[in-house]
Chemist: 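Would you mind keeping the following structure in view while I ask a few things?
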Amino acid sequence: MRRGTWADEPDRLLAASDHGVIAALALVALGVPESTVYRRCRDGGPWQLLAPGIVALHNGEPSVRQLEIAALLHGGPDAVLTGLSAVRHHGLRRGPAPVRVHILVPQSRQVRSVGHIVVERTERMPRAVLRDGLPVAPLARAVLDAVRRLKDTEDIASLLAEPVQRRMLFVEHLRQELDAGCRKGSATPRAVLRAVADGVRSAAEFTAREWWLAHPDLPQARFNARVLDDRGRFVAIVDVLVEELGFAWEIDSVEAHFATPEQVEDTARRRRALTGIGLHVLGTRPSQVHGDSAGTHQDVLDALAVAAMLPPPRAIFPRDLPESA
């Protein structure tokens, strides 16, 4: 038997929630007996628990936003979203999708990770910014909190390079945040930031740079270098440039069998523009670099030998200052 006015006014409970998510204590304050709250959250009941003491007023699949709200309620006052959960609210598109919701809470708060929620206690609580109506860590903090927990170097490079490429942050902002935080998990982000400071702006470019620098028999090269024609008109930005030989190495951003017709045509147009001013261009798929390093090495050496026999390109290679300067 249903008792109490709350049962006759379900809209009042929904109105008191945030997107259908509410603390059990808030439901009790609205007149729902505590035993009733948890009974309705049992298997097959009309509600469900998204975290200890945090209720969704439905039993369907919770949305990402509902999971984020539940995580913030679980964290308590001043909790903020960070990591992969936060960078999406800042508008970043690269990097892996978040599997769990990552939140920051003050060091003194005794809250634990549970289920889909990763709780990080910190003495460096950031000043939250509102994004999509939710409190999130500032972009630099969110990005660094994310990459410290990632293992894949290309995922780390994607996340660190995107905000710099889109002029949302300078390299120095990321470096300062990295220096201020925990040193655990910072070695790979530091290496990636050095590459980003040198001009690398994507995971593919980072892979090319690291691969090239790991082969001491290859000549000195520039990375993410601008190429102009001999009249000063922009032609392209190439992943790797050996200026004295007029050689450009490009890591195709999309594997051939995944490329759209428009991407194939754009790549062909780009290659024609570079070869049209006399550069010798080698294109390599990312899977070749990862899966056949020796074969890629031989391809690069052969292409360098061809470039050395060709006339100098009709090109200008401006030297721009890195953004961290």
Side-chain angles (χ1 to χ4, degrees), residues 1-91 97-139 141-142 145-146 149 182:
M1 180 181 296
R2 299 196 310 176
R3 298 179 181 178
T5 58
W6 67 270
D8 300 315
E9 300 175 303
D11 289 345
R12 187 164 67 95
L13 301 185
L14 194 60
S17 72
D18 188 349
H19 286 73
V21 180
I22 189 170
L25 289 176
L27 288 170
V28 172
L30 289 168
V32 186
E34 185 175 11
S35 59
T36 300
V37 171
Y38 289 102
R39 186 176 66 251
R40 291 173 71 85
C41 292
R42 291 175 184 167
D43 289 345
W47 298 345
Q48 62 183 306
L49 287 174
L50 299 183
I54 309 301
V55 177
L57 299 175
H58 65 83
N59 59 8
E61 186 70 24
S63 67
V64 171
R65 187 175 184 88
Q66 288 176 324
L67 293 174
E68 290 173 341
I69 292 168
L72 291 168
L73 288 173
H74 175 68
D78 304 322
V80 300
L81 295 175
T82 193
L84 294 173
S85 305
V87 299
R88 292 293 181 263
H89 288 290
H90 281 289
V99 176
R100 303 173 73 191
V101 181
H102 187 178
I103 62 171
L104 296 173
V105 301
Q107 180 68 40
S108 59
R109 188 162 301 155
Q110 299 301 311
V111 182
R112 298 185 177 222
S113 299
V114 61
H116 72 279
I117 304 166
V118 175
V119 177
E120 183 176 339
R121 295 163 58 216
T122 178
E123 294 178 350
R124 291 196 317 117
M125 279 298 295
R127 185 188 296 272
V129 294
L130 277 181
R131 292 289 184 270
D132 304 320
L134 297 174
V136 304
L139 180 56
R141 177 65 178 272
D145 283 346
R149 292 174 175 267
C182 175

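For the single chain, residues carry numbers from 1 onward in sequence order. Keep in mind the model is a prediction, meaning the values are calculated, not measured. Side chains are part of it too, since the values below use all heavy atoms of this structure and drop only hydrogens, waters and symmetry mates.
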Chemist: Do Arg39 and Glu34 sit within salt-bridge range, that is, some charged N less than 4.0 Å from a carboxylate O?
Modeler: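 Between Glu34 and Arg39 there is no salt bridge, as every charged N stays at least 4.0 Å from the carboxylate O atoms.
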Chemist: Do side-chain atoms of Arg12 reach the backbone of Leu30 as a donor and acceptor pair under 3.5 angstrom?
Modeler: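 It does hold such a pair.
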Chemist: Between Thr82 and Ile103, is there a donor-acceptor pair closer than 3.5 Å when you use the side chain of the first and the backbone of the second?
Modeler: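 No, because the side chain of Thr82 does not come within donor-acceptor range (under 3.5 Å) of the backbone of Ile103.
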Chemist: Using atom types as modelled and distance alone, determine if a side-chain donor or acceptor of Arg109 lies under 3.5 Å from a backbone N or O of Gly75.
Modeler: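 Side chain of Arg109 to backbone of Gly75, a donor-acceptor pair under 3.5 Å: yes, one is there.
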Chemist: Just how far is it from atom CD1 of Ile54 to atom CG of Leu27, taken to the nearest 0.5 Å?
Modeler: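 Taking CD1 in Ile54 and CG in Leu27, the distance rounds to 9.5 Å.
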Chemist: Could you tell me the separation between the CD1 atom of Ile117 and the NE2 atom of His74, rounded to the nearest 0.5 Å?
Modeler: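 One finds 5.0 Å between CD1 of Ile117 and NE2 of His74.
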Chemist: So, taking the atom named OG in Ser17 and the one named CG in Leu57, what distance separates them when rounded to the nearest 0.5 Å?
Modeler: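 That separation rounds to 5.0 Å.
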Chemist: What distance separates His58 NE2 from His19 NE2, expressed to the nearest 0.5 Å?
Modeler: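 Going from NE2 on His58 over to NE2 on His19, the span is 11.0 Å.
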Chemist: Indicate yes or no: does Asp145 engage Arg141 in a salt bridge with an N to O separation below 4.0 Å.
Modeler: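 Salt bridge flag = yes for Arg141 with Asp145.
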Chemist: Just to verify, which of Asn59, Ile22, Leu13 counts as forming a side chain to side chain contact (heavy atoms under 4.5 Å, CB included) with Trp47?
Modeler: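 In the set Asn59, Ile22, Leu13, the residue that makes a side chain to side chain contact (heavy atoms under 4.5 Å, CB included) with Trp47 is Leu13.
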Chemist: Within a 6.0 Å radius of atom CD on Gln107, are there more than 12 heavy atoms belonging to other residues, nucleotides or ligands?
Modeler: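 Enclosed.
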Chemist: Counting only N and O atoms by type, is there a donor-acceptor contact under 3.5 Å from the side chain of Arg121 to the main-chain atoms of Val111?
Modeler: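 Pair absent, no side-chain N/O of Arg121 close to backbone of Val111.
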Chemist: Taking Arg88 for the side chain and Pro98 for the main chain, is one N or O donor matched with an acceptor at less than 3.5 Å?
Modeler: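 Not a single qualifying donor-acceptor pair exists.
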Chemist: Please report the closest heavy-atom contact between Tyr38 and Gly53, naming both atoms and the distance.
Modeler: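 Of all heavy-atom pairs spanning Tyr38 and Gly53, the closest is OH-CA, 3.7 Å.
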